[in-house]
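Following: one structure in structure tokens, then a few remarks.
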Protein chains: 2
Amino acid sequence: MVHTSTEHEVLAVVFQVGDAHSRKPALNVLLWQRALAPERGKWSLPGGRLRADEDLTSSVRRQLAEKVDVREIAHLEQLAVFSDPGRVPDVRTIASTFLGLIPSPATPVLPPDTRWHPVNALPEMAFDHAPMIEYARTRLAAKLSYTNIGFALAPTEFALSTLRDIYGAALGYQVDATNLQRVLARRGVITPTGTTAHPGRTGGRPAALYRFTDSQIRVTDEFAALRPPG
Amino acid sequence: MVHTSTEHEVLAVVFQVGDAHSRKPALNVLLWQRALAPERGKWSLPGGRLRADEDLTSSVRRQLAEKVDVREIAHLEQLAVFSDPGRVPDVRTIASTFLGLIPSPATPVLPPDTRWHPVNALPEMAFDHAPMIEYARTRLAAKLSYTNIGFALAPTEFALSTLRDIYGAALGYQVDATNLQRVLARRGVITPTGTTAHPGRTGGRPAALYRFTDSQIRVTDEFAALRPPG
DNA sequence: GCAAAAGTGTTGCGCGTACACCCATGC
DNA sequence: GCATGGGTGTACGCGCAACACTTTTGC
């Protein structure tokens, strides 16, 4: 009799906004290229098997440590579970997915098989990893609108035009810096530092610098409707 | 050597709004009482072990069928994974939780060990099932405000005062029927049937009847802020 | 007629967007 | 000076909540 056990793996969709390979900043995802079968040559999300003595979050952190400096991960949260019995060949494997965010300036050294890829131009993905990225991006876009999650993508101090580019890259459409400032300021999400940046070579008024008030996720606009009375 | 395998279980938080045991309608959750150790006598969420050949959704449906008529489940969606290595004794077990909703009037026969409990007065819960219910309730409240998920709690046809009571029970605070009508009508979530209900013994103007336009979940107010231009 | 329940109208405000206009810098 | 980028001010619209007022029934 064959003992059909079930494995449990953890996979992380790690995003960062960067301007690798192009002028305009874009939303990138961390991928590594498979050197062995199955799906050799295709690109995978970082992750791996869950150990018996760790919970999911510890497992993601441990496995991401092989690819990036975990201290740079500013936010990490559970996404969905992918459980189709045939999603990977041979042994039945359930995948719990996570969303990880790394602030914009940091780009540490990566292992040779690992690279950032723009989410708008993904390489050939292994298994069912492509829909996982899609799911993560949708979740990120939604949370940008009703939480302070931007703190995990932005530098500690930034000009508003920088933040506009980050939101634009993450959302997939251009955002107006003026209104972004007002929305985030009213909600208390960003705070002015009082200092200003130096203008570029081409001139222009020096930009005021801001920082995110909190460095932990916080819901800022919980109810679109049906608010509690008061 | 001890072979430390990892089990995977599925647990469902099934809600229904009913007026069992009291005059005012309340949000109830489906629980069964454990007859055997561990945690004998305490109350559990329905669910059980995942089989090798089924995905999570199939597994929930199969296991809920032992407790209720699955045809009455109007909505079912994944919640979070609970993965603390010590969350249940002995064998390490990961739990994937689900939110299930059953419309208001239907209350079929239940097995003798199974009962509806008001979420505001839960009995002693087994393991970590209490926080799962809390999580599910939070998710339900959030989705009531930006999706049409109310369809899964309401009867097929209903007066607005009935719907007000359902929303009130699910959200935990009173809702104004007038504004509820306006919000849901503008979004196209509810449609008038053209018919009216008969007033009660005590008189009153006959109420217009409505139904939910869709019977599948749909996001009706995706972005609280940072909408795409247009 | 009176009480009760349902529905309509009105007002006001907070939030978000769009856009015109003013400010500070490099060259 | 002018171009460039940043910031401020204003105006509009919409969604939603609060509440007063009207309509329709049973008794």
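Note on naming: letters A, B, ... go to the chains in the order of the sequence lines (proteins, then strands), and numbering restarts at 1 for each one.
Within residues 167-198 of chain A, the residues that place at least one heavy atom under 4.0 Å from DNA chain D are, in residue-number order, T178(A), R182(A).
With hydrogens and angles ignored, the 3.5 Å screen pairs a side-chain donor or acceptor of S104(A) with a backbone N or O of V17(A). Remark: side-chain polar atoms of S145(A) are not paired, donor with acceptor, to backbone N or O of A141(A) under 3.5 angstrom. The main-chain N or O of V81(A) is found under 3.5 Å from a side-chain atom of Q78(B) such that the two form a donor-acceptor pair.
Note on residues 149-161 of chain B: pairs passing side-chain hydrogen bond (donor to acceptor under 3.5 Å, both in side chains), not counting sequence neighbours, are E157(B)-R211(B). The ring-ring contact (aromatic ring centres under 6.0 Å, His included) analysis of residues 130-180 of chain B, with sequence neighbours excluded, yields the pairs F158(B)-F212(B).
Phosphate contact (OP1/OP2 of dA5(C), side-chain N/O of S161(B), threshold under 4.0 Å): absent.
The CG-P distance, from L163(B) to dA6(C), rounds to 12 Å in whole Å. Rounded to an integer number of Å, the gap from CG of L209(B) to C1' of dA6(C) is 12 Å. With rounding to whole Å, F223(B) atom CZ is found 17 Å from dC15(C) atom C1'.
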I'd like a list of close polar pairs between nucleotides 21-27 of chain D and the protein, N/O only, cut-off under 3.5 Å.
{"unit_1": "dT23(D)", "atom_1": "O2", "unit_2": "R205(B)", "atom_2": "NH1", "d": "3.3"}
{"unit_1": "dT24(D)", "atom_1": "O2", "unit_2": "R205(B)", "atom_2": "N", "d": "3.1"}
{"unit_1": "dT25(D)", "atom_1": "O2", "unit_2": "G204(B)", "atom_2": "N", "d": "2.7"}
{"unit_1": "dG26(D)", "atom_1": "O4'", "unit_2": "G203(B)", "atom_2": "N", "d": "3.3"}
{"unit_1": "dG26(D)", "atom_1": "O3'", "unit_2": "R201(B)", "atom_2": "O", "d": "2.5"}
{"unit_1": "dC27(D)", "atom_1": "OP1", "unit_2": "R201(B)", "atom_2": "O", "d": "3.1"}

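Where A225(B) and L160(B) each meet DNA chain C at their nearest nucleotide, the meeting point lying more 5' is that of L160(B).
Among dA17(D), dA6(C), dG7(D), the nucleotide with an atom closest to any side-chain atom of A207(A) is dG7(D).
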For a quick test of your reading: what N or O donor-acceptor pairs under 3.5 Å do the side chains of residues 121-128 of chain A make, sequence neighbours left out?
{"unit_1": "D128(A)", "atom_1": "OD1", "unit_2": "R87(A)", "atom_2": "NE", "d": "3.3"}
{"unit_1": "D128(A)", "atom_1": "OD1", "unit_2": "R87(A)", "atom_2": "NH2", "d": "3.1"}
{"unit_1": "D128(A)", "atom_1": "OD2", "unit_2": "R87(A)", "atom_2": "NE", "d": "2.7"}

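Qualifying salt bridge (Lys or Arg N to Asp or Glu O under 4.0 Å) partners for R139(B), counting only residues two or more places apart in sequence or in other chains: E77(B).
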Practice item. Apply salt bridge (Lys or Arg N to Asp or Glu O under 4.0 Å) to the pair D113(A) and K67(A), showing each step before the final yes or no. Key: CA-CA 9 Å; D113(A) 63 350; K67(A) 303 294 180 188; 3.6 Å; yes
